[in-house]
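The structure under discussion is supplied below as structure tokens; questions concerning it will follow.
Note on naming: letters A, B, ... go to the chains in the order of the sequence lines (proteins, then strands), and numbering restarts at 1 for each one.
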Number of protein chains: 2
Amino acid sequence: MALEHAILVSLDERSGSGYELARRFDRSIGFFWAATHQQIYRTLKRMVELGWVSVDEVAQDGRPDKKVYDITPAGHEELRRWVAEPSEPETFRHDLSVKVRGASLGDAAVLADEVARHRDLHGERLDAYRAVEKKDFPDPSALSGRQLHQYLVLRGGVRAEQALVEWCDEVLAALRQDDSREDRR
Amino acid sequence: MALEHAILVSLDERSGSGYELARRFDRSIGFFWAATHQQIYRTLKRMVELGWVSVDEVAQDGRPDKKVYDITPAGHEELRRWVAEPSEPETFRHDLSVKVRGASLGDAAVLADEVARHRDLHGERLDAYRAVEKKDFPDPSALSGRQLHQYLVLRGGVRAEQALVEWCDEVLAALRQDDSREDRR
DNA sequence: CTTTACATGTAAGCGGTTACATGATTCT
DNA sequence: AGAATCATGTAACCGCTTACATGTAAAG
């Protein structure tokens, strides 16, 4: 389980409230680790108990009070330990692949539409990642340390989305060709 | 949740026992949907209750009795319904990316070794997928129907593993260059 | 006046992971 | 003799998803 560690990485970059963390997970961190606000609140609570993070309750006027979390030395130590620890690749779970494999039962045209929709979604993500790449990392060869690591993870996102877009295109082309071949029979 | 539907897809191709299904999930189906035998047994039980599959208890000599499951018309209908239903892309959870992003705290060389290990693992999977591709689908342009769908899913696996191998290589090169640059300081 | 942003939580339920349990046969 | 294959299950735990709950302030 890496949610705790993803939170530690995020807090190591900047301290913040549960709400703020949830927003970071919607953006940058969420590119490679998804989490909802409920999950984050619960996990932060546990992490306080473990001594990995500290809380500071901040009163605000005009806005609800917030709890600002910060990484502790014990949290740093845990993160270092976990990063050094070997881990297995995540197991794949790809809905759309299951559907493609089950396509023979149903309407191929309906599935093609769904694949096209996914291609567009992944295309949008790809464009967004590339925009960040261009804006925040214009000269990759000059990067080092933390910035380099952030860039490399972004590159992973770019590669993953690119692969998905290309796969969707391949599936679409094949499904359409198969469909037209069927018509000729 | 697609485990039930992944099982339906598998049973639609050939009926089988829970044990047999678990083995299929270790192989072909597992390329895009992982599941353990416990999960499969529990899910099959539920699917019988739902009327999506039927059971046939088969006595064997020299081996334990087995329960052979088969897809029912209701199961077919459910699978067709589910394939036609739109679904959102899976949320990413990529351990290694979190570790790369947390790399600045620890030993970069240790992480590099771990990335190298993952590159090799993905390289092995890639080779295995390509071997299946070559052996089972020597002439992709001639494929149609179910065979084509199987091939397309395999292509997704090839693309995904290829992207991961290339990303690991990119990370490795960058980490090593950054490391040597640090030494010069 | 409605939506979005800010801000945090409880509760129920479900799915997935891991450990444990059993027992015969076949292969090394 | 020990490991792997065949074959199915129970139990405990944990994490994740979804629904529900509350309330202010700013922006459209």
Side-chain angles (χ1 to χ4, degrees), chain A residues 1-8 15-27 29-30 32-50 52-53 55-69 82 87-95 98, chain B residues 1-8 15-27 29-30 32-50 52-53 55-69 82 87-95 98:
Chain A
M1 224 283 298
L3 176 56
E4 291 141 358
H5 301 101
I7 289 176
L8 287 177
S15 60
S17 67
Y19 185 84
E20 248 179 298
L21 281 165
R23 272 175 50 238
R24 287 187 216 167
F25 272 80
D26 284 342
R27 301 197 226 295
I29 314 274
F32 53 92
W33 203 275
T36 61
H37 78 273
Q38 292 87 343
Q39 237 179 302
I40 289 168
Y41 285 128
R42 215 162 9 93
T43 305
L44 280 169
K45 211 175 187 176
R46 204 191 323 145
M47 289 168 79
V48 172
E49 284 163 30
L50 287 163
W52 295 353
V53 297
V55 206
D56 186 27
E57 268 182 76
V58 178
Q60 302 183 115
D61 42 57
R63 282 181 189 177
D65 295 356
K66 65 176 175 181
K67 295 181 184 173
V68 176
Y69 294 89
W82 177 78
S87 60
E88 293 317 298
E90 307 286 324
T91 50
F92 270 91
R93 298 224 162 146
H94 200 235
D95 239 64
V98 181
Chain B
M1 226 284 297
L3 175 57
E4 290 142 357
H5 302 100
I7 290 176
L8 287 177
S15 60
S17 67
Y19 185 84
E20 248 179 298
L21 280 164
R23 272 176 50 238
R24 286 187 217 168
F25 271 80
D26 284 342
R27 301 198 225 295
I29 315 274
F32 53 92
W33 204 275
T36 61
H37 77 274
Q38 293 86 344
Q39 238 178 302
I40 290 167
Y41 284 128
R42 216 166 3 98
T43 305
L44 280 170
K45 210 175 187 178
R46 205 191 322 145
M47 289 168 79
V48 172
E49 284 163 28
L50 286 163
W52 295 351
V53 296
V55 206
D56 187 26
E57 267 180 79
V58 177
Q60 301 181 114
D61 41 57
R63 283 182 188 176
D65 295 358
K66 64 176 178 181
K67 296 180 184 173
V68 176
Y69 293 89
W82 177 79
S87 59
E88 292 319 297
E90 307 286 323
T91 52
F92 270 90
R93 299 225 161 147
H94 199 237
D95 240 64
V98 180

B/Asp26 has an atom CG; how far is it from atom C1' of D/dA4, in whole Å?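 Taking CG of B/Asp26 and C1' of D/dA4, I get 14 Å after rounding.
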Is the shortest side-chain heavy-atom distance between A/Thr43 and A/Arg46 below 4.5 Å?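 Answer yes - side chains close enough.
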| Minimum heavy-atom distance between B/Leu44 and B/Val53, given as atom pair plus value |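 What the structure gives for the nearest pair is O-CG2, 4.1 Å.
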To the nearest 10 degrees, the angle between the two end axes of the helix from C/dC1-D/dG28 to C/dT28-D/dA1 (five pairs per end) comes to 50°
Margin query: Show, in sequence, the C-alpha distance, side-chain angles and deciding distance for A/Tyr19 and A/Lys66, and conclude whether the side chain to side chain contact (heavy atoms under 4.5 Å, CB included) test is met.
Written below: CA-CA 9 Å; A/Tyr19 185 84; A/Lys66 65 176 175 181; over 6 Å; no
task: Quick one: sort the A/Trp82 and A/His5 rings into parallel, tilted or perpendicular, breaks at 30° and 60°.
output: parallel
Rounded to whole Å, the CG-P distance (B/Leu21 to D/dA7) equals 12 Å
Rounded to whole Å, the CH2-P distance (A/Trp33 to D/dC16) equals 7 Å
Closest approach of A/Glu90 to B/Arg93 (non-hydrogen atoms, all atoms of both residues)
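Heavy-atom minimum between the residues: CG-O, 2.7 Å.
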Is the closest side-chain heavy-atom distance between B/Trp33 and A/Asp95 below 4.5 Å?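 Yes. Closest side-chain heavy atoms under 4.5 Å.
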Between B/Phe25 and B/Ala6 the two heavy atoms that sit nearest each other are CZ-CB, 3.8 Å
Whole-Å distance, B/Gln39 CD to C/dA19 C1', equals 15 Å
In terms of heavy-atom contacts, B/Ala59 and B/Asp65 come closest through CA-OD1, 3.6 Å
**Report entry** Side-chain touch A/Ile29/B/Val98, heavy atoms, less than 4.5 angstrom
**Finding:** no
- Quick one, which residues of residues 88-95 of chain B touch DNA chain D with a heavy atom under 4.0 Å?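 The answer is B/Arg93.
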Under a 4.0 Å heavy-atom criterion, the protein footprint on nucleotides 7-12 of chain C, written with B, S and -, is BBBB--
- Under a 4.5 Å cut-off applied to non-hydrogen side-chain atoms, are B/Glu20 and B/Val68 in contact?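 SC-SC contact between B/Glu20 and B/Val68 ruled out.
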With side chain to side chain contact (heavy atoms under 4.5 Å, CB included) as the test, would you mind laying out the steps for A/Lys45 and A/Val48 before giving the verdict?
CA-CA 5 Å; A/Lys45 211 175 187 176; A/Val48 172; 6.0 Å; no
- Message: Check this one for me: any side-chain N or O of A/Arg46 less than 4.0 Å away from OP1 or OP2 of D/dC14?
- Response: no
